[in-house]
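Below is one structure. I have some questions about it.
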Amino acid sequence: MLRKTLALTSVLLLSTATLGAKDPIVATVDGVGIKKSELEKTYQENLMFVSDKRVTREKVLNDIINRNLGIKRAKKGNLDKDPIVKQKMEDIMYHAQISKDLEPRLKKIVVTDTDVDKYYKDHQEYRTAHILFRVRTNPEKEENEAALNQALKVYNTLKTKPDLFSELANKFSQSSTAPNGGDMGFQPAIRLAPEYFNAIKGKSDNFITPPVKTQFGYHIIKVMAVKSVKSINNALYKKIVYDQKRDAILDNYFRELRAKSNVKINEEYLK
């Protein structure tokens with residue numbers, strides 16, 4: 001019986017040694033081992049990114065050691081209970097859960113040239129110039145009225161003298177584009193405030209809008225050109241359409257979650 005026990009012990013020790021040889025400990029941090037497999041995995045991941053420093057296993061190992069030391073110090077100081085850190089951790093869990101739940105659906109998204117053409121019919125790319133009269137995010141009534149009155153004065157001038165747009169933009173616009181006569185260049189609809197885009201949608205060259213209110217203030221907008229679908233950056237618009245399809249999946253996902261939950265909104269506090 002004793003011989004059998006000794007023989008079994010020898011086998012177990014040999015197996016452990018073999019496993020250890022296959023995946024040896026390359027370093028320890030306060031008694032906790034870092035296996036060669038972890039080093040190799042992280043090393044290969046580092047090789048995927050361009051860096052101004054040469055990627056070596058020694059450098060990667062030191063990075064792992066430093067990370068472990070930092071995490072240990074954070075846990076010792078209960079940093080995971082800090083409100084800001086906790087919020088960031090919850091943000092990570094939120095995005096990770098969505099990714100886990102929706103990855104199969106997102107992989108099925110397909111964007112065709114027909115999808116792009118259909119989207120572009122309602123979201124053409126305009127070249128515009130604007131004269132911006134800024135107001136703060138939460139302006140006083142007097143500040144808002146002063147900006148609007150100034151915008152109306154300039155707009156009334158432009159109604160009879162539209163050729164002065166560039167000059168008036170240079171003089172009055174509170175925007176970085178003022179020195180260029182307010183010229184914003186061509187911009188996809190997604191890069192414009194909704195109110196701004198809706199004011200120019202379907203308008204022809206040289207059309208000048210009345211003052212348009214956005215979160216930035218009051219804009220007087222001049223349409224300068226519209227880009228044909230043949231001239232657009234097709235890759236950019238495929239990404240835009242992809243994002244729209246992704247957002248539709250997200251909206252449906254949260255409708256499903258809300259249907260299974262008890263959500264109450266006190267709308268009087270939203271006014």
Side-chain angles (χ1 to χ4, degrees), residues 109-139 141 143-248 250-251:
I109 295 177
V110 176
V111 180
T112 66
D113 289 336
T114 301
D115 292 328
V116 172
D117 290 345
K118 183 178 178 181
Y119 170 84
Y120 194 72
K121 284 181 181 178
D122 287 327
H123 302 87
Q124 290 181 299
E125 192 168 325
Y126 291 89
R127 180 184 175 188
T128 62
H130 74 145
I131 304 173
L132 174 61
F133 302 85
R134 286 193 179 275
V135 295
R136 291 177 296 176
T137 306
N138 296 300
K141 181 180 178 181
E143 178 188 351
N144 192 73
E145 289 179 349
L148 177 57
N149 288 336
Q150 184 65 48
L152 288 170
K153 286 181 182 178
V154 172
Y155 175 67
N156 287 331
T157 300
L158 289 169
K159 284 198 294 186
T160 57
K161 299 178 180 179
D163 293 341
L164 293 179
F165 191 97
S166 181
E167 180 182 330
L168 293 175
N170 186 276
K171 181 177 180 180
F172 291 105
S173 185
Q174 297 169 301
S175 168
S176 60
T177 62
N180 299 322
D183 192 348
M184 294 266 290
F186 282 102
Q187 297 290 340
I190 59 166
R191 294 180 186 165
L192 300 172
E195 303 92 341
Y196 190 107
F197 180 75
N198 289 334
I200 62 173
K201 185 177 179 179
K203 301 299 189 294
S204 56
D205 294 1
N206 297 316
F207 176 82
I208 297 175
T209 71
V212 177
K213 181 71 163 60
T214 73
Q215 70 264 38
F216 305 107
Y218 290 93
H219 310 252
I220 300 172
I221 310 166
K222 180 180 180 180
V223 177
M224 302 177 71
V226 60
K227 189 176 287 189
S228 72
V229 68
K230 294 180 180 179
S231 303
I232 64 173
N233 181 337
N234 202 55
L236 169 64
Y237 277 89
K238 281 194 172 183
K239 174 65 168 58
I240 291 171
V241 174
Y242 173 88
D243 289 346
Q244 283 203 328
K245 292 189 175 190
R246 177 205 60 203
D247 290 347
L250 280 169
D251 288 343

Starting at CD1 of Ile221, measure out to OH of Tyr155 and round the result to the nearest 0.5 Å.
->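 If we round to the nearest 0.5 Å, Ile221:CD1 and Tyr155:OH are 11.5 Å apart.
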Quick one: sort the His219 and Phe216 rings into parallel, tilted or perpendicular, breaks at 30° and 60°.
->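 The rings of His219 and Phe216 stand perpendicular, inter-plane angle above 60°.
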Table please: side-chain donor-acceptor pairs of residues 188-206 below 3.5 Å, with sequence neighbours left out.
from	atom 1	to	atom 2	distance (Å)
Tyr196	OH	Thr128	OG1	2.8
Asn198	ND2	Pro194	O	3.1
Lys201	NZ	Asp122	O	3.4

Val135 side chain near Lys213 side chain, heavy-atom distance below 4.5 Å =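 In contact.
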Please identify each residue that fulfils salt bridge (Lys or Arg N to Asp or Glu O under 4.0 Å) with Asp243, with sequence neighbours left out.
->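 In terms of salt bridge (Lys or Arg N to Asp or Glu O under 4.0 Å), with neighbours along the sequence ignored, Asp243 is linked to Lys239, Arg246.
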With no hydrogens and no angle check, is any side-chain donor or acceptor of Asn156 less than 3.5 Å from a backbone partner on Leu152?
->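 The answer is yes, because a donor-acceptor pair under 3.5 Å joins these two groups.
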So do the side chains of Tyr237 and Ile240 get within less than 4.5 Å of each other, counting heavy atoms only?
->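 A side-chain contact exists here, since the closest heavy-atom pair is under 4.5 Å.
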At their closest point, which heavy atom of Ala169 faces which heavy atom of Ala178, and how far apart are they?
->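 Of all heavy-atom pairs spanning Ala169 and Ala178, the closest is O-CB, 3.6 Å.
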Do you know which two heavy atoms are closest between Phe165 and Ile220, and how far apart they sit?
->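 That would be CZ-O, 3.6 Å.
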Judged by modelled atom types alone, do Ser175 and Thr177 share a side-chain donor-acceptor pair under 3.5 Å?
->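 Indeed, the side chains of Ser175 and Thr177 share at least one donor-acceptor pair under 3.5 Å.
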Minimum heavy-atom separation for Phe172 to Val154, with atom names?
->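 Smallest interatomic distance, heavy atoms only, reads CD1-CG2, 3.9 Å.
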Beyond-backbone contact of Arg127 with Asp183, side-chain heavy atoms, under 4.5 angstrom |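 A side-chain contact exists here, since the closest heavy-atom pair is under 4.5 Å.
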Pairwise distance NZ(Lys118) to NE2(His123) - rounded to 0.5 angstrom |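 Atom-to-atom, Lys118:NZ and His123:NE2 are 11.5 Å apart.
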Do the side chains of Lys141 and Glu145 get nearer than 4.5 Å, heavy atoms only?
->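 With C-beta onward as the side chain, the pair touches.
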Can you tell me if Ser173 uses its side chain to pair, donor with acceptor, with the backbone of Asn170 under 3.5 Å?
->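 Such a contact is absent between Ser173 side chain and Asn170 backbone.
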Nearest heavy-atom neighbours spanning Tyr218 and Pro211 |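 For Tyr218 and Pro211, the tightest heavy-atom pair comes out as CD2-CB, 4.3 Å.
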Minimal non-hydrogen separation, Tyr242 against Ile109, with atom names |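 Looking at all heavy atoms of both residues, the shortest contact is CD1-CG2, 3.4 Å.
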Check for a donor-acceptor pair, side chain of Glu125 on one end and backbone N or O of Ile232 on the other, with a separation under 3.5 Å.
->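 Looks like no, no N/O pair under 3.5 Å.
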Among Lys245, Gln244, Lys238, find the one that has a side chain to side chain donor-acceptor pair (under 3.5 Å) with Asp115.
->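 Between Asp115 and the candidates, side chain to side chain donor-acceptor pair (under 3.5 Å) is satisfied uniquely by Lys245.
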